[in-house]
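Just below is one structure, and these are the notes that go with it.
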Amino acid sequence: MSELSPRRRLLVLAICCMSLLLVSLDNTVLNVALPSLQRDLDASTSGLQWTIDAYTLVLASLLMLAGSTADRIGRRRVFTAGLVVFTLGSLLCSLAPNLEALVAFRMVQAVGGSMLNPVAMSIITNTFTDPRERARAIGAWGAVVGLSMAAGPLVGGLLVDSVGWRSIFWINLPVGLAALVLTLRFVPESRAPKARRADPVGQLLVIALFGSLTYAIIEAPHASLSTTVPFGAVALASLVALLRYESRRHEPLIDLRFFRSAPFSGATVIAVSAFASLGGFLFLSTLYLQNVRGLSALEAGLWMLPMALPTFLCAPLSGRLVGNRGPRLPLLIAGGAMTAAGLLFALFEAETSNATLVVGYVLFGVGFGFVNAPITNTAVSGMPRAQAGVASAVASTSRQLGQALGVAVIGAVLAAGVDSSSYAESFTEASRPGWWILTACGLAVLVVGAATSGRWARATARRTAERLESAEIREVAGADA
């Protein structure tokens with residue numbers, strides 16, 4: 001791809017950010033609508049979990065396939081297809097007659113979404129070649145997540161209260177169509193010089209692993225051991241088979257060599273932990289504000305602004321810090337703030353007081369605002385540009401898997417402890433183990449961030465990049481011979 005003018009690069013960044021806004025806004029908007037969905041479609045807690053996790057699981061399962069496919073057949077081509085499928089899935093979701101259909105149409109949405117985020121990040125990585133410019137671009141990209149958190153609860157609450165939950169999917173239609181037109185007009189086509197071939201066996205093992213693990217967690221409070229244990233066994237067997245198969249494959253779906261880089265491995269663990277915390281935090285907060293405090297969807301959205309606004313404001317600051325000083329400081333701030341937020345709820349029952357509730361939301365918003373840019377920058381900056389799609393797809397997969405697991409685990413803990421006959425009274429006590437889990441996630445961000453952002457970790461990243469580049473040169477030379 002030829003070098004673009006500064007104005008054209010910014011335009012490409014804006015188009016890519018529109019796609020992220022589509023995918024991330026959809027989750028925050030839907031969280032606010034969960035109580036309305038529960039009443040309208042007569043959904044249980046596990047049903048609510050599946051409306052979120054069906055989306056994030058399909059995303060997590062297909063992101064790596066989409067990234068490598070885009071590197072191979074063309075990033076703009078796959079990106080365009082993703083916009084079409086996502087917009088169509090949104091239309092179908094708005095027409096869903098029951099919970100089962102909604103879950104199925106959410107999966108259609110996710111198929112399109114899987115073609116957007118990793119491909120957009122690959123486009124950004126190959127558009128902004130200067131490391132500092134790239135870090136700032138990734139910071140802007142991360143700010144869109146904050147924007148979706150800020151706008152999502154308000155927009156979703158307003159639409160749910162005034163029109164109904166189906167309208168939350170309508171907002172994707174004009175944004176998706178606009179992004180499609182702009183992509184066809186302004187985004188140049190690009191491919192990796194040598195992209196990986198398809199890996200159907202690895203892809204099936206990933207789907208089996210993610211799906212069976214999440215099913216076992218979500219259904220554990222309701223089903224017998226004879227039902228959940230086999231799914232847990234399938235998940236374990238799929239993981240073992242995936243590691244063995246991918247390590248022997250010449251062009252694997254997941255290049256396990258990436259994980260020799262301590263920063264890359266750390267970014268993966270941090271992404272899972274941070275987004276598990278986000279998924280669980282939003283799930284608990286939404287149900288508490290509306291089902292326990294009795295607030296409307298719009299009022300709940302307003303209450304979540306103290307969490308959303310710091311995320312929006314801190315994300316670009318985090319990007320600048322990563323560009324100027326590296327990822328260590330943003331990761332320490334993120335881990336510290338998210339751990340403090342979890343402790344405030346777990347130890348001091350922050351939700352029972354307006355003041356502590358706001359402080360807890362602010363702390364979590366600051367932490368999550370600082371965590372996104374270092375995850376993305378660390379995942380792609382130490383890898384060869386030719387494999388940017390695969391590397392960014394692994395980071396995106398980690399995010400979606402973390403969010404799916406967060407909703408699954410926190411929802412399962414909540415379902416096991418809440419007494420349906422006295423929901424409001426039992427919610428605070430039932431949610432306490434969940435807050436401790438979210439505290440542990442924040443602590444993982446802090447500890448792993450500190451451990452994998454030092455000098456020795458950067459040295460492992462350099463060695464990994466050199467080995468990958470040498471391997472690519474040898475492969476190209478062998479093919480030419």
Kindly give the heavy-atom pair with the smallest separation between Val12 and Phe186, and that separation in Å. CG2-O, 4.2 Å
Contact list for residues 324-338, test salt bridge (charged side-chain N to carboxylate O under 4.0 Å, His left out), sequence neighbours left out: none
Smallest separation among heavy atoms of Ser114 and Ala66, with atom names: O-CB, 3.0 Å
Centroid separation Phe169 to Phe105 less than 6.0 Å: no
Examine distances only and state if a side-chain atom of Thr45 and a backbone atom of Ala415 form a donor-acceptor pair shorter than 3.5 Å. no
Once rounded to the nearest 0.5 Å, what's the spacing between atom CG of Leu309 and atom SG of Cys314? 10.5 Å
Check whether the side chains of Arg9 and Thr127 place a donor and an acceptor atom closer than 3.5 Å, and report yes or no. no
Whether Thr439 side chain and Gly342 backbone form a donor-acceptor pair below 3.5 Å: yes
Do you know which two heavy atoms are closest between Arg76 and Thr183, and how far apart they sit? CD-O, 3.6 Å
How close do Trp170 and Ser94 get, heavy atom to heavy atom, and via which atoms? NE1-CB, 3.2 Å
Run the side-chain contact (heavy atoms from CB on, under 4.5 Å) check on Met304 and Leu282 step by step: do they pass? CA-CA 9 Å; Met304 294 173 73; Leu282 290 176; 3.4 Å; yes
By side-chain hydrogen bond (donor to acceptor under 3.5 Å, both in side chains) - contacts of Ser296 (at least two apart): Asp161, Glu299
Check step by step if side-chain contact (heavy atoms from CB on, under 4.5 Å) holds for Val394 and Phe259. CA-CA 11 Å; Val394 173; Phe259 294 94; 4.1 Å; yes
Residues Val32 and Gln290: closest non-hydrogen pair is O-NE2, 2.8 Å
Are the side chain of Ser44 and the backbone N or O of Gly47 linked by a donor-acceptor pair below 3.5 Å? yes
Just jot down the side-chain hydrogen bond (donor to acceptor under 3.5 Å, both in side chains) partners of Asn31, sequence neighbours excluded, or say none. none
Ser46 (side chain) donor-acceptor with Glu219 (main chain) under 3.5 angstrom: no
For Trp50 and Tyr215, take the angle between the two ring planes, folded into 0 to 90°, and tell me which bin it lands in: parallel under 30, tilted 30 to 60, perpendicular over 60. tilted
Restricting to non-hydrogen atoms, name the atom on Ser273 and the atom on Val445 that form the minimum distance, rounded to 0.1 Å. CB-CG2, 4.0 Å
May I ask you to check if Arg39 and Trp165 form a cation-pi contact, with NZ or CZ under 6.0 angstrom from the six-membered ring centre and within 45° of the axis? no
Between the main-chain N or O of Gly164 and the side-chain N or O of Ser167, is there a donor-acceptor pair closer than 3.5 Å? yes
Option passing ring-ring contact (aromatic ring centres under 6.0 Å, His included) with Trp435 (candidates Phe283, Phe345, Phe364, Phe427): Phe345
Can you tell me if Thr51 uses its side chain to pair, donor with acceptor, with the backbone of Val103 under 3.5 Å? no
Establish, from distance only, whether the side-chain atoms of Thr428 and Tyr288 form a donor-acceptor pair under 3.5 Å. no
Can you name the ring-ring contact (aromatic ring centres under 6.0 Å, His included) partners of Phe128, sequence neighbours left out? none
Kindly write out the residues that satisfy side-chain contact (heavy atoms from CB on, under 4.5 Å) with Thr452, not counting sequence neighbours, or none if the list is empty. Val448
Taking atom CG of Asp53 and atom OG1 of Thr56, what is their separation to the nearest 0.5 Å? 4.0 Å
Got a donor-acceptor contact below 3.5 angstrom from the Ser90 side chain to the Asn172 backbone? no
Value rounded to 0.5 Å, distance of CG in Leu438 from OG1 in Thr339: 10.5 Å
Test: Glu349 and Arg432 ion pair at under 4.0 Å: yes
Starting from the C-alpha separation in whole Å, work towards a yes-or-no answer on side-chain contact (heavy atoms from CB on, under 4.5 Å) for Asn372 and Phe275. CA-CA 9 Å; Asn372 214 28; Phe275 278 76; 3.5 Å; yes
Flag, side chain of Arg75 to backbone of Ala120, donor-acceptor distance under 3.5 Å: no
So does Ala408 get a backbone contact from the side chain of Gln49, meaning a donor-acceptor N/O pair under 3.5 Å? yes
Pairs involving residues 101-128, ordered by first then second residue, that meet salt bridge (charged side-chain N to carboxylate O under 4.0 Å, His left out) (sequence neighbours left out): Asp26-Arg106
Quick one, Pro35 and Thr286 - any side-chain contact, counting heavy atoms below 4.5 Å? yes
Nearest-0.5 Å distance, CG of residue Leu321 to CG of residue Leu317: 4.5 Å
Are Leu446 and Leu443 side-chain neighbours, meaning at least one heavy-atom pair lies under 4.5 Å? yes
Under 3.5 Å donor-acceptor, Ser353 side chain and Ala350 backbone: no
Apply side-chain contact (heavy atoms from CB on, under 4.5 Å) to Leu289 and Leu357, showing your working. CA-CA 11 Å; Leu289 291 172; Leu357 182 66; 4.3 Å; yes
Can you tell me how far the OG1 atom of Thr214 sits from the CG atom of Leu405, to the nearest 0.5 Å? 5.5 Å
Give a yes or no on whether the ring-centroid distance for Phe368 and Phe281 is below 6.0 angstrom. no
